[in-house]
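See structure below.
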Amino acid sequence: MLKIKNLSKHFGGLRAIKSCSFDLKPNSITALIGPNGSGKSTIFNLISGALQADAGQILLDSQNITRFSPEDISNAGISRLFQESKLFTSLTVQENLLLALDNQDTKFWKNLFGKNQVTLDQTNRINYILKLLEMPEKAHQKASNLSYGQQRLVAIARAVLNPHQLLMLDEPLSGVNLQLRNQISKLLLKLKKQSATILLIEHDMSFALRLADQIIVLDAGEVIAIGSPKQIQSDPRVIKAYLGNELC
Ligand code: ADP
Ligand code: MG
């Protein structure tokens with residue numbers, strides 16, 4: 001699946017990522033955790049091509065994608081939810097989700113202006129995911145009428161619908177209430193059952209421990225531990241790094 005080898009990135013004098021290596025197993029959920037500023041989003045930016053690595057390699061099913069553009073990485077099969085993913089608020093939920101299903105924007109706009117029919121398959125896929133998120137009645141509502149948490153769910157749905165083999169979610173639970181958190185958790189577990197591979201950054205430690213099969217702990221740009229939730233909780237390096245601090 002995804003293999004990261006000795007990845008490094010600096011910003012001026014700051015070594016944000018220091019020779020990080022890790023593997024993702026297919027059909028599993030991996031959580032990337034670490035204090036603020038430890039390099040989690042930078043790793044996501046490197047994998048998705050928003051930033052270029054100084055050194056190291058990123059392999060997706062043994063294809064070297066290290067120097068690929070964000071578009072080529074998306075086409076290679078990586079779909080990403082950004083920490084600040086925004087919807088098109090003047091469009092409906094369904095229209096926002098159609099945008100994810102249709103990689104060619106021109107086709108999408110034709111759909112909107114009625115020159116093409118939205119296919120039954122597309123509608124079915126959108127309805128299916130809205131049902132999983134327990135919001136089937138929202139399909140025709142304008143995104144601007146949804147609460148922040150519901151908009152977040154639609155942004156996650158968009159990343160899920162975008163064809164992919166690896167789904168990357170940067171803090172999918174940030175700013176959403178407990179009920180929506182549980183809905184997102186259920187969705188991710190359901191996707192895993194359907195053989196999805198998910199890499200997520202999570203602030204909420206208890207959520208990460210409950211949901212993930214594998215946890216990668218970053219500290220000051222270095223991977224300090226990799227293992228199951230149980231192994232991580234009892235790892236002396238992790239305990240030492242976080243002593244007195246809340247894990248995030
Ligand atoms: P996290 O997501 O774990 O909170 P980040 O990956 O956002 O951490 O940041 C890691 C470090 O790199 C931080 O010190 C941050 O200030 C710095 N950093 C991140 N992106 C940039 C950038 N584009 N330019 C300069 N410094 C950056
Ligand atoms: Mg971040």
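These numbers were taken from a predicted model, which means no experiment stands behind them. Side-chain atoms are counted along with the backbone in the values below, which use heavy atoms only and exclude waters and symmetry mates. Note that ligands are numbered from 1 as they come in the structure, with each ligand's atoms numbered from 1 the same way.
Given atom 10 (C) of ligand 1, the protein heavy atom at minimum distance is Gly37 O, 3.4 Å. In this structure, atom 15 (C) of ligand 1 lies nearest to the protein heavy atom Leu14 CD2, 4.4 Å. In terms of protein heavy-atom proximity, atom 9 (O) of ligand 1 is nearest to Thr42 OG1, 3.8 Å. Shortest contact from atom 2 (O) of ligand 1 to any protein heavy atom: Ser41 N, 2.9 Å. Atom 24 (N) of ligand 1 has Phe11 CD2, 3.5 Å as its closest protein atom, hydrogens excluded (heavy atom only).
Two residues are said to be in side-chain contact when any heavy atoms from C-beta on lie closer than 4.5 Å; Leu97 and Leu130 meet this criterion. Side chains of Leu81 and Arg152 form a contact here, defined as non-hydrogen atoms less than 4.5 Å apart.
Side chain to side chain, Asn162 and Ser79 meet the donor-acceptor criterion of an N or O pair below 3.5 Å.
Residue contacts with ligand 1: Gly39 is included, with a non-hydrogen atom under 4.0 Å away. Ligand 1 has Pro35 within reach: a non-hydrogen atom of the residue lies less than 4.0 Å from it.
Taking a 6.0 Å sphere around NZ of Lys3, one finds it holds 12 or fewer heavy atoms contributed by other residues, nucleotides or ligands. Around atom NZ of Lys18, more than 12 heavy atoms belonging to other residues, nucleotides or ligands sit under 6.0 Å away.
Electrostatic pairing of Asp219 and Arg237 does not count as a salt bridge here, judged by no charged N lying under 4.0 Å from a carboxylate O.
Near Asn36, with a cut-off below 4.0 Å to any heavy atom, the atoms of ligand 1 are 4 (O).
Remark: the backbone N or O of Pro35 is paired with a side-chain donor or acceptor of Lys40 at under 3.5 angstrom.
Among the atoms of Ser41, an N, O or S atom is found under 2.8 Å from the Mg ion (ligand 2).
Considering backbone and side-chain N/O atoms, Ala16 never comes within less than 3.5 Å of an N/O atom of ligand 1.
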